[in-house]
Amino acid sequence: MPGVTLRVRFAPSPTGYFHVGSARTALFNWLVARRAGGTFILRIEDTDAERNREEWVDGILAALAWLGMDADEGPYRQSARTERYRQAVDMLWEAGVLYACDCTRDQVEGRTKAAGVLTPGYDGHCRGRGLARVAGSGEPPRALRFRTPDEGTVAVDDVVRGRVEFPCSAMEDFVAVKANGGPLFVLANVVDDIDMAITHVIRGEDLLPTTPRGILVWQALAAAGWQPEGTPTGVRSADGERAAPDERIPLPVFAHLPMLVNEQRKKLSKRRDPVAVERYRDEGYLPQAFVNYLALLGWSPPVDRELFSVDELVSWFDLADVNHSPAFFDVAKLTHLNGEHVRALSTDAFVEACAPWTKGHLARWRSEDFDPEVFARMAPLVQERVAVLGEVPDMVGFLFTDPVEMDEASWEKAVVGDPQAGELLDAAAAAYRGLEAAGTWTADALHRATEAVAEGAGRKLGKAQAPVRVAVTGRRVGPPLFESMEVLGPRRVLERIGRARARVAGAGGTGTG
RNA sequence: GGUCCCAUCGUCUAGCGGCCUAGGACACCACCCUCUCAAGGUGGAGACACGGGUUCGAACCCCGUUGGGACUGCCA
């Protein structure tokens, strides 16, 4: 298609925090645009003033920025385009496809119930009443309904699902304009897509049932002579004279993505499912890993692997490889993938990525206690042991907290539960003091010294190091012990072993048994 | 109720009529490696919803059944 640039849009409604499903939709649009060298447009669908909040817009923008999905145009605001919608409504009204309706919801329901109709929905009551567009003073305001065809079908040609046909007989005359004059989704959305020359509409499958309405509106607008905004007038009118409406304002290509579901196989809900993107950011997921995982939800790459950089995703992504069936958002798999991305980082990048937890707002120690050099030395050992960055504080907290915070479960198991713990600690302390005196306080020397202690106690190193580890780091699990003790230094190591030894002795002395 | 969508291991999926005694990944189990924990290695268990067709041949095509889901707002 020479001369035709692909234009896609992500059009969220700011009615809540940014949702993983929305992020997936945004990503697929973004990938398609980047792959094709097209344009990615951001449009905020905020026509419902009562439900939209500015903070949610900020949340969307922040999440998109975090994930690296940069918009080429926008954000456009529907709330700033009311004049454009009014023009569309006028045109549609003149064309006779819109009619005024003053039925309340209760009235409609009452009539369908009384008539015993099996198919609820609007009954076309006001179709032939010829109500004026604006009611007289004192009368209730009137909504405008779109006159749908009585027969035939509307077909949606969908890249993902093929041709889907909807019978007009099942389509009610839907409300396109609120009584207060404001446009509804189906109208504003279509006007914008035409004006913004959108070529591909890529969105969730939940919008598939309303797509025929959009197509009807699109065709009515085209037939009524709607002029897309911002198109050079000369070119357009020349084309417009001859071309059929559908050619003049061609329908976009539709692609309805499979739903993201929870463990109950229901559409992800903001209310009951952990779907806020910012939550994953704060738990320490890497944006590139999150994007990688999101891409795998509903799309499968043509190569047999799952770890991709964002650039690789751009080069491999194709709507033709999008699946049909709903996908479960599996945090366990996301976590694994995140671990892979964490390990793929350079040490410097890892240290940098950890900043929010080491010296930022998520740190659990006083900033003056944090030693960047110590962290940098331990970083490679930590990096290969965490799946999400939020695990980092637990793993290195003993380096920046004095006295060390003791995990009581670890203490119980490795010290209280080990009759030899006391003598092991004594032997280790003695050996370490020797290293300190000899000036050979290195991980290697500590390793050998501890091995000797283990041998002396008649056990394997693995069993012998446990009490020492708990005494020094406060936990049974963590980064390699000897490197940890090396960076911690003799003073603090010996002090901690001494404190633990005293506690064991104290417990023994006051014990009842 | 109506309209529409979907249907391969627990999960994400490969498969687009013969390469399938169905492959990979996550999770799970066992073993190996190992100073703990991870990571890594090896092995294991684990699926074509059901019934009819079409065909020499069906996970793949068609029909039906069943199951799940979405929509059915003067929300988007």
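Reminder, nothing fancy here: chain letters follow the sequence lines and each chain counts from 1.
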Under 3.5 Å, is there any donor-acceptor pair linking the side chain of Arg469(A) to the base of C35(B)? yes
Using a heavy-atom cut-off of under 4.0 Å over every strand shown, decide if Glu165(A) touches base, sugar-phosphate, or nothing. sugar-phosphate
Strictly by modelled atom types, are Tyr293(A) and Asn338(A) linked by a side-chain donor-acceptor pair under 3.5 Å? no
Establish, with yes or no, whether the OP1 or OP2 oxygen of A14(B) is under 4.0 angstrom from a side-chain nitrogen or oxygen of Asn323(A). yes
Under 4.0 Å between any heavy atoms, over every strand shown, what does Phe482(A) touch: base, sugar-phosphate, or nothing? Just pick one. base
Could you tell me whether Arg305(A) contacts a base, only the sugar-phosphate backbone, or nothing, with contacts defined as non-hydrogen atoms closer than 4.0 Å? nothing
Could you go step by step and tell me if Phe290(A) and Tyr285(A) meet the ring pair (Phe, Tyr, Trp, His ring centres under 6.0 Å) rule? CA-CA 7 Å; Phe290(A) 200 78; Tyr285(A) 289 88; 7.0 Å; no
Under 4.0 Å between a side-chain N or O of Lys267(A) and OP1 or OP2 of C71(B)? yes
For a quick check, tell me whether the side chain of Arg385(A) and the base of C37(B) share a donor-acceptor pair closer than 3.5 Å. yes
Mind checking Gly298(A) for me? I need base, sugar-phosphate or nothing, with any heavy atom below 4.0 Å counting as a touch. sugar-phosphate
A14(B) OP1/OP2 closer than 4.0 Å to side-chain N/O of Ser300(A): yes
Any base atoms under 4.0 Å from Ala332(A), or only sugar-phosphate, or nothing? Heavy atoms, all strands. sugar-phosphate
Is there a side-chain contact (heavy atoms from CB on, under 4.5 Å) between Val8(A) and Ile198(A) once you walk through the steps? CA-CA 6 Å; Val8(A) 294; Ile198(A) 300 303; 5.7 Å; no
For the P atoms, the ones on U65(B) and on C48(B), what distance do you get once it is rounded to whole angstrom? 23 Å
Give one of base, sugar-phosphate or nothing for Cys103(A), where a contact means two heavy atoms less than 4.0 Å apart. base
Indicate, yes or no, whether a donor-acceptor pair under 3.5 Å links the base of A27(B) to the side chain of Lys333(A). no
May I ask you to say what Gly462(A) touches in the nucleic acid, namely base, sugar-phosphate or nothing, with a heavy-atom cut-off under 4.0 Å? sugar-phosphate
Apply ring pair (Phe, Tyr, Trp, His ring centres under 6.0 Å) to Trp299(A) and Phe28(A), showing your working. CA-CA 9 Å; Trp299(A) 170 72; Phe28(A) 281 29; 7.4 Å; no
Does the base of C35(B) carry an N or O that pairs as donor and acceptor with the side chain of Glu483(A) under 3.5 Å? yes
Complementary nucleotide for U55(B) - Watson-Crick or wobble, under 3.5 Å: none
On the nucleotide U72(B), are OP1 or OP2 found under 4.0 Å from the side-chain N or O atoms that Thr210(A) carries? no
Just call it for Lys266(A): base, sugar-phosphate, or nothing, with non-hydrogen atoms closer than 4.0 Å on any strand. sugar-phosphate
